[in-house]
Novice: 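First the structure, which I've put down as structure tokens, then a few questions once you've had a look.
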Amino acid sequence: MAIVELRHVGKHYPGGRAPAVVDFNLVTQDGEFVVLVGPSGCGKTTTMRMIAGLEDHTEGDILIGGVNVNGVAPRDRDIAMVFQNYALYPHMTVSENMGFSLKLKKHRKEDIRKRVTDVARILEIEKLLERRPRELSGGQRQRVALGRAIVRQPQVFLMDEPLSNLDAKLRVGMRAEIIKLHRSLGVTTFYVTHDQTEAMTMGQRVVVMRDGVVQQIGAPNVLYQRPANRFVAGFIGTPSMNFLQARLENGRAVGQGFSLALDDLGIQAARSRPDVCIGIRPEHLHLARGENGGGRLTGLVEVVEPLGAVTLIQVRVDATTLTAQIAPGRQVSMGDTVTLSCEPEMLYLFDADADVLLKGISLDDDA
Amino acid sequence: MLRHRHILVHVVLWSIVGMTLLPLIWFFLTSLKSTNETFQIPPAWFFSPTLDHYRNVLGMGGEIVSSFQGGSVSNIGKGFVNSTIIAVGATGLSTVLGTIAAFGFARFTIRGEHYLLGLYLLIRMVPAVSMVLPLYHIFSMAGLNDTYIGVIIAESTFQVPFVVWMMTGFIRQIPASLEESAMMDGMNRLSAMVRITLPLASAGLFATVIFNFVQVWNDFLYPLVLTSQSTQTLPVMIIGFIANGNIFWGEMAAAGILIILPVVLISLVAQKYVLAGATAGAIKG
């Protein structure tokens with residue numbers, strides 16, 4: 001267990017035009033579960049590989065447990081990594097795979113066997129110990145890969161999209177299991193994913209990256225309610241947030257085909273800016289019944305997607321298509337004209353030019 | 001219809017096999033015929049075989065059978081020793097050097113990588129005969145003519161590019177994350193390569209070694225120019241059977257059969273691996 005600290009860490013590939021990672025700063029807590037998330041090519045995996053020592057960082061310092069590990073070989077960093085493709089040694093059995101690092105460190109045979117069986121019991125893979133990786137299913141391989149990391153009792157775990165090769169159902173199960181494992185082991189963990197649902201459900205803190213630059217670091221609810229900018233707002237939450245360009249007129253946000261009331265916070269935040277970008281999450285849009293003082297958006301239903309628990313509809317309001325999440329009982333079909341409304345306090349406001357957040361929605365703690 | 005096509009396929013396949021093997025069969029029969037029968041027209045398909053030619057080339061006939069480049073030999077035993085030393089040496093050297101280079105190509109981003117690999121290929125495209133004279137000259141100055149090390153180096157110049165091309169492909173098929181995993185587990189890069197990646201690429205490595213060995217074993221041109229008495233290889237010795245206006249066809253054929261025997265045996269034993277190695281790259285991209 002250790003605190004990991006990244007100070008102004010950057011990575012420039014020789015000959016590369018744009019830097020892969022720019023000025024990354026983060027101090028973890030001991031035993032924290034940190035998720036790095038972002039679209040592909042955003043630098044999240046590079047960041048993790050720099051912590052592992054598999055890639056050199058070209059700027060800044062990385063400290064693990066207070067020790068500067070710049071230039072330290074991966075094997076001397078006391079870190080275990082779970083790879084996306086599991087990277088199990090095909091020519092070794094499961095127990096040899098799991099005990100390999102202990103063998104290299106010249107642990108006694110009985111000691112290795114005991115640790116391997118203990119971990120195998122936790123992961124429920126005791127019966128697989130004598131098999132080879134090719135005889136295992138994807139889910140079993142995933143468990144072995146986790147087991148191999150846990151056996152080592154390292155200071156830090158790194159997990160590089162470990163669930164992306166599993167089918168959807170298995171993924172949800174493993175997600176919960178990794179969280180449980182982390183709770184019981186208490187080892188500082190970095191987890192890379194491009195799946196924002198994974199990031200939100202697993203991370204104690206989430207780092208959102210884009211083009212090598214950290215966009216925001218925060219707890220999942222903070223990212224949801226106070227996204228630092230439009231990118232984070234659009235990336236976090238499914239379906240994605242709707243954005244509308246608007247101008248301010250008498251305390252209302254007015255745009256093509258709509259006029260929405262702002263609350264006091266919104267009016268204050270948007271003051272002195274004639275143009276803003278409005279963000280509305282699909283789950284905050286409702287089918288309006290009758291007159292509503294808050295304002296409304298009227299448009300044509302283009303797509304209806306019943307998901308069972310909820311129904312998603314895409315509504316064309318002038319030039320913009322909005323997604324709304326409505327109760328499944330509501331009878332809406334393609335081609336209908338509907339009116340949507342949103343509570344003023346549920347509106348996000350962004351600077352129209354700089355894309356930074358002017359006003360989010362209230363945090364759970366505030367209430 | 002299907003049955004006819006089946007038969008046709010077999011006819012075509014067997015005629016190709018026949019065409020390929022006919023010279024070899026002729027060659028084998030010649031080695032067993034007496035000198036008179038060798039020249040009989042129409043050829044004698046049925047005859048009482050003799051091992052005289054084999055006895056002669058193995059030095060049991062007491063005659064001087066091969067004389068070439070200022071010396072004469074009474075048996076090809078020394079040639080076996082020379083060929084083995086050179087083939088093993090050149091195969092070993094080029095496999096080690098080529099595999100290390102292949103590792104670099106497969107695992108690191110190297111500026112101008114494609115040009116460099118192309119350049120390697122170019123070396124193989126240049127006719128060997130155009131390089132042999134400069135090599136002879138350089139080796140003369142360096143005192144490497146008619147030495148094992150000289151021929152081994154010369155053969156390796158031609159074999160290293162082959163190993164680089166083959167092994168780069170094989171190593172690329174092994175996920176780099178396996179080495180990285182081993183590096184996290186406590187190995188350095190070199191031991192991860194030797195203990196994790198190479199065992200996994202062993203079918204390819206084996207095929208490469210066999211091809212390499214066969215090519216060096218059978219090579220004629222470099223040993224012809226770069227060796228004389230003390231390091232002469234088997235293919236060069238065969239020329240010695242054309243001596244003083246005589247051509248010893250029977251001896252030539254017997255020696256030829258003896259030369260290809262080890263190679264054929266190795267290939268038969270290794271066939272499984274060679275096929276696996278040669279086709280491995282075709283399926284997995």
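Numbered from 1 within each chain, the chains take letters A, B, ... in sequence-line order.
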Novice: So for atom CZ, which belongs to A/R113, do other residues, nucleotides or ligands contribute more than 12 heavy atoms lying within a distance under 6.0 Å?
Specialist: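 No, because the 6.0 Å sphere around CZ of A/R113 holds 12 heavy atoms or fewer from other groups.
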Novice: With a 4.5 angstrom heavy-atom cut-off, is it the side chain or the backbone of A/I79 that approaches chain B, or both, or neither?
Specialist: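 The answer is both parts of A/I79.
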Novice: Please identify, among B/S191, B/P199, B/A182, B/P175, the residue contributing the most non-hydrogen atom pairs under 4.5 Å to chain A.
Specialist: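 Of the candidates given, the most pairs with chain A belong to B/A182.
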Novice: Apply side chain to side chain contact (heavy atoms under 4.5 Å, CB included) to B/E180 and A/M81, showing your working.
Specialist: CA-CA 9 Å; B/E180 289 171 346; A/M81 186 157 169; 6.0 Å; no
Novice: Are there more than 12 heavy atoms of other residues, nucleotides or ligands under 6.0 Å from atom OH of B/Y148?
Specialist: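 Result for OH/B/Y148: enclosed.
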Novice: How long is the gap from CG on B/D185 to NZ on A/K105, to the nearest 0.5 Å?
Specialist: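 Output value for this atom pair is 7.5 Å.
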Novice: Take a 6.0 Å sphere around OH of B/Y115 and say whether it holds more than 12 heavy atoms from other residues, nucleotides or ligands.
Specialist: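 At most 12 heavy atoms, drawn from other residues, nucleotides or ligands, come within 6.0 Å of this atom.
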Novice: For chain B, which candidate among A/P74, A/P154, A/A80 shows the most heavy-atom pairs at distances under 4.5 Å?
Specialist: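 Winner by heavy-atom pair count: A/P74.
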Novice: So what's closer than 4.5 Å to chain B heavy atoms on A/L88: side chain, backbone, both or neither?
Specialist: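 The backbone, not the side chain.
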Novice: Less than 4.5 Å to any heavy atom of chain A: does that hold for the side chain of B/L178, its backbone, both, or neither?
Specialist: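 Answer is both: backbone and side chain atoms of B/L178 are under 4.5 Å from chain A.
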Novice: Quick one: does B/S181's side chain get under 4.5 Å of A/R148's, heavy atoms only?
Specialist: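 With C-beta onward as the side chain, the pair touches.
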Novice: For A/R49, is it the side chain, the backbone, both or neither that has a heavy atom under 4.5 Å from a heavy atom of chain B?
Specialist: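 The answer is the side chain of A/R49.
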Novice: For B/F80, does the CZ atom sit with more than 12 other heavy atoms under 6.0 Å from it, leaving out its own atoms?
Specialist: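 Correct, the count exceeds 12.
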Novice: Below 4.5 Å from any heavy atom of chain B, which atoms of A/F83 appear? Answer side chain, backbone, both or neither.
Specialist: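 Only the side chain of A/F83 comes within 4.5 Å of chain B.
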Novice: Taking atom CE of B/M187 and atom CG of A/L104, what is their separation to the nearest 0.5 Å?
Specialist: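 Rounded to the nearest 0.5 Å, the CE-CG separation comes out at 5.0 Å.
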Novice: Counting heavy-atom pairs closer than 4.5 Å to chain A, which one of B/R195, B/R111, B/E179 comes out on top?
Specialist: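 Of the candidates given, the most pairs with chain A belong to B/R195.
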Novice: Taking side chain as everything from C-beta outward and backbone as N, CA, C, O, which of these in A/A52 sits under 4.5 Å from a heavy atom of chain B? Side chain, backbone, both or neither.
Specialist: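 Looking at A/A52, backbone and side chain both touch chain B.
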